Amino acid sequence: MARILFVTWEGGGNVPPALGIAAELARRGDTVRFLGHPQQREQIEAAGFRFEAFTSARPWSATARTGPVGYLAMFTDAGPGRDLTASVAREPVDLAVIDCLSLSPLRAAQEAGLRRVVLAHTFYAYLVRCWSRGPLALAAAFRGYRPVRLWESAEEVLVTTLPELDPARQRPLPPNVHWTGPVLPTGARPASPEEPRILVSLSTIHYPPQARALQAILDAVAELPVHAVVATGHAVDPATLRAPGNAELHRFLPHAEVMPGVSLVVGHGGHGTTLQALAHDLPLVVMPMHPMLDQPVIGKVVEERGAARVVRANASPGTIRAAVTDLLTSASHREAAAKLGDRIRSGNGAEAAADRIVALAATPV
């Protein structure tokens, strides 16, 4: 049985894949623990894992109103790297599974000679073509961090997405990069709504356009014969929004429980929300909330596959209404989503990732 340390950070869609893979490893009998931001303790311990909080990391909150500078400071903060080194010294592990954006833990593990797996929770094409060449990575390089070199130096890079959606598959890649398929809650099944219902979810973390976009969506659906189920996330207070009579507002809703009862998802293009919607055969209206993140890339790819319509974050209620109406009445979009959904449901990303981690842990150093 292997001793495995997951190193994570408080974000949105980066955490569920780590928890899903960890659960599969624990089911097989491996010893799994987590290292992350203090505010992650409740979520991770509720999932059944031992948790150790960063003690040297800068204060960080995914729901705070922070910009690129705040994310850069968090991703390049040396504190989590020091905490990883200290944690492993106190309690040795066979390998570490480290979030792809946790640059200082990746470097600390490399310097310590610790076997490591990079967990990539979005399209690898975005990471190597956009994120690693964008302003955040350029600023990180100024601080001595080279993301691509850190990824390529790891024993494995596990990409938890559907391979045929990831544009990175179109070019040769380092031999340590492997696609596992999405890691989603068990039991994903095609939606079977009894009435026209839509799920609206623009991420649980804060983005500047989020409140305005949610209000525009509510104004758009007010004139449609649908029922809207809206999850505002932790960063937007539902009381600040004007909800029409055909909408219900919540801070948080488990997507896996809601999606079987809806016909359409209006989302921000986050990898987890998007792949989970497709796993339920649901087409999407995608409103990317941040131009520097993976959301525009994901929206574009899914739109090209015929399963989504992309609108701007500042789209008018009329534009949103037209996109929602189009997808609710379009058989071709639903068929495209169902085709992708069938592919997602045919695999199990958590099992595939666990297979590779277990095999690596069993390999003699």
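Counting from 1, the numbers follow the sequence of the chain as shown. Quick caveat: nothing in here was measured; it's all calculated off a predicted structure.
Note on Glu303 versus Lys300: no salt bridge recorded, every NZ/NE/NH1/NH2 to OD/OE distance being 4.0 Å or above. With salt bridges taken as basic N to acidic carboxylate O contacts below 4.0 Å, one links Glu223 and Arg321. Taking 4.0 Å as the cut-off between side-chain N and carboxylate O, Asp355 and Arg28 count as a salt-bridged pair. Ion pairing between a basic and an acidic side chain is recognised when a charged N comes within 4.0 Å of a carboxylate O; Lys339 and Glu335 show no such pairing.
Summarising the geometry of Ala361 relative to Arg115, their closest heavy-atom pair is O-NH2, 3.3 Å, with the distance given to 0.1 Å. Scanning both residues, Leu284 and Ala277, for their nearest heavy atoms gives CD2-CB, 3.7 Å. Across all their heavy atoms, Leu84 and Ala108 have their closest contact at CD2-CB, 4.3 Å. Nearest approach of Gly20 to Ala350, heavy atoms of both residues: O-CB, 3.7 Å.
If you check the side chains of Tyr207 and Gln295, you find a donor sitting under 3.5 Å from an acceptor. Neither side chain, Thr8 nor Asp99, offers a donor N or O lying under 3.5 Å from an acceptor on the other. Side-chain N/O atoms of His255 and Glu257 include no donor and acceptor closer than 3.5 Å. In the model, Glu10 has a side-chain atom that pairs as donor or acceptor with a side-chain atom of Gln39 under 3.5 Å. Remark: the Thr31 side chain and the Arg3 side chain contain no N/O donor-acceptor pair separated by less than 3.5 Å. For the residue pair Asp83 and Thr55, a side-chain donor N or O sits within less than 3.5 Å of a side-chain acceptor on the partner. For Ser87 and Arg33, the side-chain atoms include at least one donor-acceptor pair closer than 3.5 Å. Side chains of His227 and Glu248: a donor-acceptor N/O pair is present below 3.5 angstrom, by distance only. A side-chain N or O of Arg116 and one of Ser153 form a donor-acceptor pair less than 3.5 Å apart.
Note that the CG atom of Asp326 and the OG atom of Ser332 stand 7.5 Å from one another [nearest 0.5 Å]. The line from OG of Ser104 to CZ of Arg82 is 8.0 Å long, rounded to the nearest 0.5 Å. Between the CZ atom in Arg309 and the CD1 atom in Ile320 there is a gap of 11.5 Å [rounded to 0.5 Å]. Atom CD1 of Ile4 sits about 9.0 Å away from atom CG of Leu360, to the nearest 0.5 Å. Rounding to the nearest 0.5 Å places CZ of Arg345 at 8.5 Å from NE2 of His280. In this structure, the separation between CG on Leu340 and CG on Asp281 is 9.0 Å, given to the nearest 0.5 Å.
The aromatic ring centres of Phe51 and Phe34 sit 6.0 Å or more apart.
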- Message: ring-ring contact (aromatic ring centres under 6.0 Å, His included), that's the test. Do Trp60 and Phe54 meet it? Break it down for me.
- Response: CA-CA 11 Å; Trp60 166 257; Phe54 295 138; over 10 Å; no

- Item | Pair Arg149-Glu152, salt bridge (Lys or Arg N to Asp or Glu O under 4.0 Å): steps then yes or no | CA-CA 5 Å; Arg149 292 182 187 178; Glu152 292 181 351; over 6 Å; no

- Task: Would you sort out whether Leu214 and Thr232 count as a side chain to side chain contact (heavy atoms under 4.5 Å, CB included), showing the intermediate values?
- Result: CA-CA 8 Å; Leu214 283 169; Thr232 66; 4.2 Å; yes

- Candidate pair Met74 and His37, rule side chain to side chain contact (heavy atoms under 4.5 Å, CB included), full reasoning: CA-CA 11 Å; Met74 189 267 291; His37 285 112; 4.0 Å; yes

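Partners of His271 by ring-ring contact (aromatic ring centres under 6.0 Å, His included), not counting sequence neighbours, listed by chain and number: Phe123. Residues passing the ring-ring contact (aromatic ring centres under 6.0 Å, His included) test with Tyr145, sequence neighbours excluded: none.
Taking a 6.0 Å sphere around CZ of Arg41, one finds it holds more than 12 heavy atoms contributed by other residues, nucleotides or ligands. More than 12 heavy-atom neighbours from other residues, nucleotides or ligands sit within 6.0 angstrom of CZ on Arg251. Enclosure of atom CE in Met292 by more than 12 non-hydrogen atoms of other residues, nucleotides or ligands within 6.0 angstrom is indicated.
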All N/O donor-acceptor pairs, side-chain side in residues 238-246, below 3.5 Å, sequence neighbours left out:
from: Thr240; atom 1: OG1; to: Asp237; atom 2: O; distance (Å): 2.6
from: Arg242; atom 1: NH2; to: Asp219; atom 2: OD2; distance (Å): 3.4
from: Asn246; atom 1: ND2; to: Val221; atom 2: O; distance (Å): 2.8
from: Asn246; atom 1: ND2; to: Leu224; atom 2: O; distance (Å): 3.3
from: Asn246; atom 1: ND2; to: Val226; atom 2: O; distance (Å): 3.0

